[in-house]
Amino acid sequence: MDKLLIQGGVPLSGDVAMSGAKNAALPILCACLLTNEPLRLKNLTQLNDIATMLRLIGQMGVTVTMEGNDSLILDAGGLNKPLAPYDMVKTMRASILVLGPLLARCGEARVSLPGGCAIGARPVDQHIKGLQAMGADIHVEQGYIQARATRLKGARIFTDMVTVTGTENLMMAATLAEGETIIENAAREPEVVDLANCLIAMGARISGAGGDRIVIQGVERLHGATHSIMPDRIETGTYLCAAAATGGEVRLTHTACDYLDAVIDKLREAGCEITCGPHEIWLKAPARLKAVSLRTEPYPAFPTDMQAQFMAINCVAEGTAIIRETIFENRFMHAVELIRLGANIRIDGSNAVVTGVPHLDGATVMATDLRASASLVIAGLVAQGETLIERIYHLDRGYERIEEKLSRLGASVRRVK
Ligand code: UD1
């Protein structure tokens with residue numbers, strides 16, 4: 001298994017380009033299932049999760065044609081097997097995103113029920129409840145969601161909590177339903193808007209995406225389209241944190257401050273100077289950051305996917321920060337690893353109290369999930385001496401060529417086999 005070896009203590013500096021958003025790409029790849037015409041996607045990042053999704057839809061009969069490194073054409077004209085098997089769903093929970101499109105286009109779907117995952121139980125009851133409201137007959141049998149519907153019918157759906165993939169699944173299903181669907185309490189995440197834009201380009205009639213009430217008028221069929229995936233706001237935020245923590249000065253390109261308000265606000269509060277260009281962001285860090293408290297919430301508030309990275313920067317900031325995680329029940333696993341590097345962190349339920357220390361010391365640590373891994377990379381870049389991060393397959397799920405990008409910024413980072 002690959003590991004990442006980091007020699008810490010170098011302030012990051014220079015330019016690096018950000019990739020397309022993983023969490024926008026995953027639902028958009030599933031959108032191809034809604035039509036028998038080709039869907040061309042651009043700015044697609046090369047990640048393990050994307051490869052898994054391509055394998056998953058490929059085994060359903062979708063033809064994938066690569067066009068260079070970051071562009072491809074998906075053709076679901078030959079879709080013949082509406083099945084998502086357990087061995088794929090268990091490695092990537094976002095596989096549940098095939099359920100809505102398959103049911104809408106094929107009238108049936110058999111999708112493995114995802115289990116719990118490292119950061120929490122993460123049920124999919126809201127996806128099921130919404131599809132049932134649209135007339136689907138759904139039951140769970142031998143660990144699989146078995147869904148059927150001759151044609152889905154528009155409905156008014158209220159989700160119990162804000163769910164990102166739940167909103168995306170239901171929005172995709174509703175595009176081909178008969179009549180009007182209203183999703184109340186919808187997720188407002190920018191990735192939901194990117195998906196809506198792609199669906200609209202395919203002929204869907206959607207209004208309100210980006211707000212908490214999305215209205216979809218079902219159509220008989222969708223057609224082919226070309227869509228460019230939005231920049232990855234979480235990758236961008238992670239590189240901003242890495243530069244901030246190391247006292248660096250960087251310019252991130254192919255990205256923008258849009259959608260990063262909560263993160264940029266906290267970085268400014270920590271003492272960073274940030275300038276926003278139309279397609280780039282500059283950050284200049286102070287000699288030492290100030291501790292910043294935060295609370296994770298659905299968009300537009302502070303994202304849970306940036307919580308671990310901010311815990312890392314608070315580890316070496318001046319003062320004490322309180323971090324409150326409200327989305328996932330078990331998302332502090334990076335704390336024990338950060339403590340191994342010398343951090344002062346106390347966990348109390350869904351709160352973490354982080355008191356900054358003057359420096360961290362390199363050690364061997366273990367990555368436990370995607371964003372936890374990112375926090376360990378940031379801590380390793382700051383720590384004195386050598387940090388070895390084990391199980392970096394988690395990082396490869398969400399960060400494209402991370403060692404190459406960090407090396408461009410002057411970091412000493414090497415992948416060891
Ligand atoms: C998505 C993101 C993930 C991010 C998360 C929260 C993708 C591929 N992943 O995950 O990176 O961390 O949003 O911003 O976009 N819940 C239920 N029942 C449901 C659905 C959700 O109880 O049917 C709960 C979850 O357990 C969690 C909360 O609702 O506590 C929010 O989860 P959700 O927004 O659905 O997360 P994902 O869409 O899986």
Side-chain angles (χ1 to χ4, degrees), residues 18-27 45 47 49 93-94 117-120 122 159 161-168 185-195 209-212 229-245 252 255-270 272 274 276 281 283 292-314 321-335 350-352 354 369-378 394-395 397-399:
M18 297 292 98
S19 302
K22 168 181 86 77
N23 284 355
L26 291 172
T45 170
L47 294 171
D49 273 9
R93 296 181 46 81
C117 73
I119 61 175
R122 297 180 86 174
T159 56
M161 76 291 294
V162 175
T163 156
V164 178
T165 50
T167 302
E168 292 165 344
N185 200 24
R188 291 182 282 167
E189 267 66 3
E191 293 77 13
V192 174
V193 180
D194 206 29
L195 170 64
D212 59 6
I229 311 276
M230 65 177 283
D232 196 316
R233 65 191 168 104
I234 305 299
E235 184 196 33
T236 304
T238 301
Y239 280 86
L240 291 176
C241 283
L252 306 184
T255 187
C257 291
D258 316 351
Y259 319 126
L260 274 164
D261 287 340
V263 167
I264 286 176
D265 192 52
K266 287 291 163 191
L267 286 169
R268 285 190 173 133
E269 194 183 320
C272 297
I274 296 178
C276 302
I281 307 178
L283 177 142
V292 283
S293 294
L294 57 96
R295 173 191 169 97
T296 65
E297 299 268 9
Y299 189 83
F302 191 91
T304 174
D305 284 351
M306 285 300 303
Q307 178 258 104
Q309 299 88 320
F310 269 76
M311 188 179 289
I313 71 174
N314 274 315
I322 298 174
I323 296 182
R324 184 164 167 78
E325 171 60 54
T326 75
I327 310 286
F328 293 112
E329 62 272 25
N330 190 25
R331 210 172 194 184
F332 282 146
M333 279 175 307
H334 39 284
S350 55
N351 290 325
V354 188
D369 69 69
L370 172 54
R371 307 304 170 186
S373 318
S375 78
L376 298 179
V377 171
I378 295 169
H394 291 292
L395 268 180
R397 289 186 43 214
Y399 291 93

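In this chain, residues are counted from 1 in sequence order.
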I need the [X] [atom1] to [Y] [atom2] distance, nearest 0.5 Å.
X: Ser350; Y: Arg324; atom1: OG; atom2: CZ; result: 4.0 Å
X: Met18; Y: Met230; atom1: CE; atom2: CE; result: 13.5 Å
X: Arg233; Y: Ile264; atom1: CZ; atom2: CD1; result: 12.0 Å
X: Leu240; Y: Cys257; atom1: CG; atom2: SG; result: 8.0 Å
X: Leu260; Y: Ile274; atom1: CG; atom2: CD1; result: 9.0 Å
X: Asp369; Y: Asn330; atom1: CG; atom2: CG; result: 9.0 Å

Are [X] and [Y] close enough that some pair of their side-chain heavy atoms sits under 4.5 Å apart?
X: Phe310; Y: Ile378; result: no
X: Val164; Y: Asn23; result: no
X: Pro298; Y: Ile327; result: yes
X: Gln307; Y: Phe328; result: no
X: Val162; Y: Asn185; result: yes
X: Ile281; Y: Thr255; result: yes
X: Lys22; Y: Glu235; result: no
X: Ile234; Y: Pro303; result: yes

Please find the pair of heavy atoms, one from [X] and one from [Y], that lie closest to each other, and give the distance.
X: Leu267; Y: Ala244; answer: CD2-CB, 4.0 Å
X: Gly237; Y: Val263; answer: CA-CG1, 4.4 Å
X: Pro300; Y: Ala262; answer: O-CB, 3.8 Å
X: Leu47; Y: Gly398; answer: CD2-C, 3.5 Å
X: Phe302; Y: Arg295; answer: CB-O, 3.5 Å
X: Val292; Y: Ala270; answer: CG1-N, 3.7 Å

Which residue is it: Ile313, Ile322, Asn314? I am looking for the one with a side-chain contact (heavy atoms from CB on, under 4.5 Å) to Val354.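 Between Val354 and the candidates, side-chain contact (heavy atoms from CB on, under 4.5 Å) is satisfied uniquely by Asn314.
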
For Arg371, the option from Arg331, Met306, Met311, His334 that meets side-chain contact (heavy atoms from CB on, under 4.5 Å):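 Among Arg331, Met306, Met311, His334, the one meeting side-chain contact (heavy atoms from CB on, under 4.5 Å) with Arg371 is Arg331.
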
Within the distance-only criterion (no hydrogens, no angle test), does the side chain of Glu329 pair as donor or acceptor with the backbone N or O of Glu325 below 3.5 angstrom?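 No; judged by distance alone, with no hydrogens or angles, the pair does not exist.
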
Step by step, work out the salt bridge (charged side-chain N to carboxylate O under 4.0 Å, His left out) result for Asp212 and Arg188. CA-CA 6 Å; Asp212 59 6; Arg188 291 182 282 167; 5.3 Å; no

Run the side-chain contact (heavy atoms from CB on, under 4.5 Å) test on Ile323 and Phe332 for me, step by step, so that the C-alpha distance in whole Å, both residues' side-chain angles and the decisive distance to 0.1 Å come before the verdict. CA-CA 10 Å; Ile323 296 182; Phe332 282 146; 4.2 Å; yes

